[in-house]
*Asks:* 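Got a structure for you, questions after.
Everything numeric here is computed off the predicted structure, so don't read it as measured data. Below, read A as the first sequence line, B as the second, and so on, with proteins coming before strands; counting in each chain starts at 1.
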Amino acid sequence: MDLEERYDFARTEPQWQRRWEAERLYEVEEDRDRPKFYLLEMFPYPSGALHMGHVRNYIIGDVLARYRRMTGHNVLHPMGYDAFGLPAENAAILRGVHPADWTYDIIRTIRRQLKMLGISYDWRREVASCHPGYYRWTQWMFLLLHRRGLAYRKLAPVNWCPQCSTVLANEQVEDGCCWRCHSVVGKRELEQWFFRITAYADRLLEDLDLLEGWPERVRTMQRNWIGRSEGVEIRFPVVGLDAALTVFTTRQDTVFGVTFMALAPEHPLLPRLLEGNGRAAEIREYIEKARKMTEIDRASTAREKTGVFTGHYCTNPLSGEKIPIWVADYVLMEYGSGAVMGVPAHDQRDFEFVRTHRLPLRVVVQPQDGPELDPATMVEASPAYGRMVNSGQFDGLCGEDALRRVADYIEEHGLGRRAVHYRLRDWLISRQRYWGAPIPVIYCSGCGVVPVPENALPVLLPPEVDFQPKGMSPLAACPEFVAAYCPSCGGQARRETDTMDTFVCSSWYFLRYLSPRYEGGPFRTEAAAYWFPVDQYVGGIEHAVLHLLYARFFTKVLYDEGMVPHPEPFRRLLTQGMVLKDGSAMSKSRGNVVSPDDMVRRYGADATRLTTLFAAPPEKDFEWTDQGIEGAARFVARVWRLVRAWKTIPGGPPRPPAEAERDLRRALHASLRRITCDLEERQQMNTALAAAMEMVNAAYAYRERVQPQDHDPAVVAEFLDILVRVIAPFLPHLAEELWRTELGRTGSVHCQPWPAWDRGALEADEVTLVVQVNGRVRDRLTLPADVTDGESIRLRALELDRVKQAVGGRRVARVVVVPGRLVNVVVE
RNA sequence: GCCGGGGUAGCCGAGCUGGCACAGGCGGCGCACUCAAAAUGCGUUGGGGCAACCCCCCGUGCGGGUUCGAAUCCCGCCCCCGGCACCA
């Protein structure tokens with residue numbers, strides 16, 4: 001072999017990419033005779049060229065897709081673009097180009113990058129959510145939800161991002177800041193469209209148990225987000241007023257310990273309590289102050305609990321006691337009923353409140369263990385469940401029983417009812433921006449809110465619009481768009497001018513891929529019957545409660561509508577970690593972006609793929625290093641040289657395998673088994689690749705050990721055949737080059753069946769047992785593999801010099817023999 | 001505070017359901033090839049003790065426990081990452 005010869009990835013890789021496209025290798029149709037496998041990566045938001053962090057996602061997905069193809073599956077592996085959204089609009093404002101031009105430009109770049117990496121997509125199925133052929137069906141989804149009573153309009157205080165100049169859903173506010181631009185989010189009172197995701201709260205929660213293929217972390221995050229609490233709502237009549245305050249509590253066993261009532265400053269009953277109230281001025285001042293506070297300040301637990309007494313009282317319906325009503329800004333209007341029964345002895349917040357305002361405290365639950373609670377000496381609340389005291393007829397009841405009996409009593413006496421509350425809020429989907437799918441609704445002075453008829457979709461986004469943000473929807477300033485006829489009465493009417501949240505577009509895209517150009521509906525139900533659900537989804541953890549929750553919600557609605565055969569969209573989920581550079585996530589503003597274009601140019605697509613796959617398990621973050629990719633490129637070349645050197649071994653008569661051949665075959669099949677397990681069950685590409693490297697190392701060791709003229713042709717041929725197949729998912733270009741060009745095989749390696757390991761090759765003639773004395777390794781014992789008799793192994797172990805030495809004449813108490821593994825001699 | 005996930009060489013990481021701790025890579029060192037270098041191939045690489053091989057001791061965040069045997073199981077801590085959090 002000429003050592004100067006090098007693997008020319010720059011020539012080879014594009015050549016095979018063109019060939020695969022010409023051979024339509026990755027294009028699939030429904031095929032009832034083959035098991036399907038739907039493999040999907042989260043589609044990118046086209047806000048710029050992809051960096052290494054983005055492409056890791058597609059590389060991981062591609063390995064799994066290629067592996068499934070080789071295991072005989074009919075693999076659907078599509079790609080598209082989450083192309084409606086703010087970055088495009090902001091870039092357009094900044095650069096004076098139209099968002100559509102900007103978006104399609106970036107899409108071209110991303111498509112080129114994905115092709116350059118050799119990702120095996122069925123490109124015919126590409127979708128872009130900003131295309132009318134797509135958003136027509138996003139609008140259709142809106143109408144479906146509307147028809148099912150799941151889309152409604154209401155006036156509510158909503159999150160407003162001043163930077164993005166639009167409202168945001170709760171899920172899109174992180175620590176009081178906009179998820180995208182990190183500006184502090186304020187509140188505005190606006191009439192907006194919501195999706196009633198809370199109607200599905202229980203199912204979204206319960207079905208998490210079905211998602212065994214999801215990381216526990218994501219399931220926990222969704223559980224936290226949904227935040228289900230079981231309790232009771234209790235009505236406290238207001239003294240001297242024909243009204244009652246309803247409170248929600250999960251601790252009805254503490255109801256005899258209520259010493260005050262606290263209302264949120266926004267509570268609707270407050271205006272009535274202020275009528276003719278001598279303290280009205282003071283109270284109003286407090287309410288105003290609370291209103292002006294930012295969400296973050298108000299939510300701070302570090303703040304002292306402030307409040308003012310309203311001068312009014314209500315009656316505890318169980319004890320008959322008179323309870324003072326306060327206003328306190330630690331009570332949130334958005335949760336429960338905006339009123340809290342204050343039980344200072346058993347709730348830390350209420351405890352802090354009474355300490356500042358000198359209100360009384362009463363112990364009504366004694367913990368099962370620990371000292372008796374004494375109100376005089378308590379320094380914090382005691383939230384533990386226990387035995388009810390000072391609670392009249394309920395005294396002595398404990399724990400769950402107490403909760404149940406009090407709830408029963410409340411219901412039987414009409415004082416309230418059992419209730420379940422959620423942290424989850426309805427999904428606010430209106431956006432006061434231009435670059436999104438218009439909400440398909442018309443407002444008629446006579447008929448009210450009228451949905452656009454399905455056959456009038458899409459409601460097209462007009463191209464010529466001034467989209468400079470002015471705190472209102474750009475479409476409202478476009479008279480041609482606003483003017484409409486009422487679909488119901490035909491009279492002059494007005495169009496809705498808000499667009500839909502980007503997350504609406506991405507809540508159903510995995511269904512559009514199934515029949516991407518279908519005109520008769522969002523997707524062909526027969527296609528869904530075959531392909532749905534996604535078998536393996538790959539994407540970032542950042543969507544744990546955003547996209548992944550919304551997509552589950554949409555799927556359940558479509559399931560109820562009978563359009564999809566399964567209530568969950570993603571059977572298995574892999575959340576890949578980030579690629580870090582200099583210790584942090586890549587971003588343009590940080591200037592630490594590693595470009596896949598550079599890496600592919602310098603080292604090739606396969607080496608780039610290998611680097612991201614081998615550096616760490618897929619779900620973990622890893623630091624990008626130049627040494628890493630150099631090592632990857634070395635391995636690519638090492639494989640190439642091995643195959644080049646070995647393909648010329650002439651055939652010869654079969655011969656009995658010698659020890660060197662048996663060792664090589666054992667290493668080959670042991671690695672094959674490991675790679676198969678790692679891909680099949682654990683999805684650990686890094687360890688699969690480690691096994692592939694061991695495989696190659698074993699071949700080099702064989703070449704050191706055996707003279708070239710003595711290389712066993714049959715063993716070498718088997719080795720190359722298996723090696724090239726197993727590297728195919730990881731290094732698709734190299735594998736194809738070796739398969740077709742070097743080994744001269746016909747057809748693509750990517751259409752070959754995945755090899756099965758040979759159990760027989762794994763069996764060794766001899767096994768080496770570890771011999772321990774008191775758990776420490778002292779020697780080794782090599783025996784023919786067929787010696788499994790414990791007694792003879794025991795005797796031979798005790799005969800070993802080093803064992804005798806370690807035993808040192810002490811009495812042998814017992815000998816543990818694990819055949820095939822070890823012997824442990826236990827001495828006193 | 002609650003919930004989830006982690007902590008193994010100089011670095012990235014293997015180690016499954018208790019059985020030789022550290023596979024594979026990176027980095028380091030050495031050898032071969034070369035006039036030389038690069039590239040490549042081979043060897044070596046946890047710490048300590050010993051002149052030295054053998055060998056011995058220590059070593060998976062910390063402290064206990066279970067076990068013939070623990071990175072792995074149990075109990076109690078510490079630290080890191082992520083989520084939720086004035087949610088009644």
*Asks:* Taking the minimum atom-to-atom distance to the side chain of A:Tyr330, which one of B:rC86, B:rG27, B:rG24 wins?
*Replies:*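 Nucleotide nearest to A:Tyr330's side chain: B:rC86.
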*Asks:* Atom NE2 of A:His346 and atom C1' of B:rC86: how far apart are they, to the nearest Å?
*Replies:*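 Spelled out: NE2 on A:His346 to C1' on B:rC86 is 19 Å.
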*Asks:* To the nearest 0.5 angstrom, please state how far the CG atom of A:Asp606 sits from the OG1 atom of A:Thr611.
*Replies:*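 Atom-to-atom, A:Asp606:CG and A:Thr611:OG1 are 10.5 Å apart.
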*Asks:* Which listed nucleotide (B:rC20, B:rC84, B:rG19) is nearest to the side chain of A:Val777?
*Replies:*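 Of the candidates, B:rC20 comes closest.
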*Asks:* What distance, rounded to whole Å, do you find between the two C1' atoms, one in B:rC79 and one in B:rC68?
*Replies:*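 B:rC79 and B:rC68 have their C1' atoms separated by 34 Å.
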*Asks:* Measure from the side-chain heavy atoms of A:Ala616 and tell me the nearest of B:rG13, B:rG4, B:rA14.
*Replies:*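 Of B:rG13, B:rG4, B:rA14, B:rG13 is nearest to the side chain of A:Ala616.
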*Asks:* Distance check, C1' atoms only: B:rG83 and B:rC74, in whole angstrom units.
*Replies:*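 Pairwise C1' distance, B:rG83 against B:rC74, rounds to 27 Å.
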*Asks:* When the P atoms of B:rG61 and B:rC11 are considered, how many whole Å apart are they?
*Replies:*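 Result for the P pair: 14 Å, nearest Å.
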*Asks:* Taking only side-chain nitrogens and oxygens of A:Lys305, does any of them come within less than 4.0 Å of OP1 or OP2 of B:rC86?
*Replies:*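 No, because none of the side-chain N or O atoms of A:Lys305 sits under 4.0 Å from OP1 or OP2 of B:rC86.
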*Asks:* What integer distance in Å separates A:Arg705:CZ from B:rC42:P?
*Replies:*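 Roughly 14 Å, once rounded to whole Å.
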*Asks:* Do we get A:Arg703 above A:Tyr700's six-membered ring, with its NZ or CZ under 6.0 Å from the centre and within 45° of the axis?
*Replies:*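 Yes, a cation-pi geometry holds between A:Arg703 and A:Tyr700.
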*Asks:* Using a cut-off of less than 4.0 Å, is there contact between a side-chain N or O of A:Asn697 and OP1 or OP2 of B:rG25?
*Replies:*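 Indeed, a polar side-chain atom of A:Asn697 lies that close.
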*Asks:* Expressed in whole Å, how much space separates the P atoms belonging to B:rG64 and B:rA52?
*Replies:*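 Comparing P positions in B:rG64 and B:rA52 gives a spacing of 34 Å.
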*Asks:* Using the side-chain heavy atoms of A:Ala690, tell me which of these nucleotides is nearest: B:rG82, B:rA88, B:rG24.
*Replies:*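 Nucleotide nearest to A:Ala690's side chain: B:rG24.
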*Asks:* If you measure from the P atom in B:rU45 to the same atom in B:rA23, how many Å do you get, rounded?
*Replies:*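 Their P atoms lie roughly 10 Å apart.
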*Asks:* If you draw the axis of the six-membered ring of A:Tyr330, does the NZ or CZ of A:Lys305 fall within 45° of it and under 6.0 Å from the ring centre?
*Replies:*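 Yes; both conditions hold, so A:Lys305 lies above the ring face of A:Tyr330.
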*Asks:* Distance check needed: B:rA88 P versus A:Asp253 CG, whole Å only.
*Replies:*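 Interatomic distance, CG of A:Asp253 to P of B:rA88: 14 Å.
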*Asks:* Are any side-chain N or O atoms of A:Arg802 and backbone N or O atoms of A:Arg778, one a donor and one an acceptor, separated by less than 3.5 Å?
*Replies:*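 Here the side-chain-to-backbone pair exists.
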*Asks:* Can you tell whether the side chains of A:Glu216 and A:Arg223 come within less than 4.0 Å, N to carboxylate O?
*Replies:*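 Result for this pair is yes, salt bridge flagged.
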*Asks:* Grab the CD-C1' distance between A:Glu619 and B:rG6 for me, whole Å please.
*Replies:*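 A:Glu619 atom CD is separated from B:rG6 atom C1' by 12 Å.
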*Asks:* Please report, rounded to the nearest Å, how far the C1' atom of B:rC68 is from the CG atom of A:Leu798.
*Replies:*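 In whole Å, B:rC68 C1' lies 14 Å from A:Leu798 CG.
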*Asks:* Can you check the A:Leu211 CG to B:rG4 C1' distance for me, whole Å?
*Replies:*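 Spelled out: CG on A:Leu211 to C1' on B:rG4 is 16 Å.
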*Asks:* Taking the side chain of A:Pro617 as heavy atoms from C-beta outward, which of B:rG19, B:rA14, B:rG41 is closest to it?
*Replies:*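 The answer is B:rA14, which lies nearest to the side chain.
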*Asks:* Are OP1 or OP2 of B:rA88 and a side-chain N or O of A:Ser229 less than 4.0 angstrom apart?
*Replies:*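 Result: yes.
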*Asks:* I need the CG-C1' distance between A:Leu205 and B:rC84, as an integer number of Å.
*Replies:*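 Atom CG in A:Leu205 sits about 14 Å away from atom C1' in B:rC84.
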*Asks:* Between B:rA21 and B:rG47, how far apart are the two C1' atoms, rounded to whole Å?
*Replies:*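 Roughly 14 Å separates the two C1' atoms.
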*Asks:* Let me check I have this right: for RNA chain B, each base becomes ., (, ), [, ] or |, based on Watson-Crick or G-U pairs with both distances under 3.5 Å. What is the full string?
*Replies:* (((((((..(((......[....)))((((((.......))))))((((.....))))..(((((..]....))))))))))))....
*Asks:* Expressed as a whole number of Å, how far does the C1' atom of B:rC12 sit from that of B:rU17?
*Replies:*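 Pairwise C1' distance, B:rC12 against B:rU17, rounds to 27 Å.
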*Asks:* Rounded to the nearest angstrom, tell me the gap between atom CZ in A:Phe635 and atom C1' in B:rA39.
*Replies:*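 Rounded to whole Å, this separation is 18 Å.
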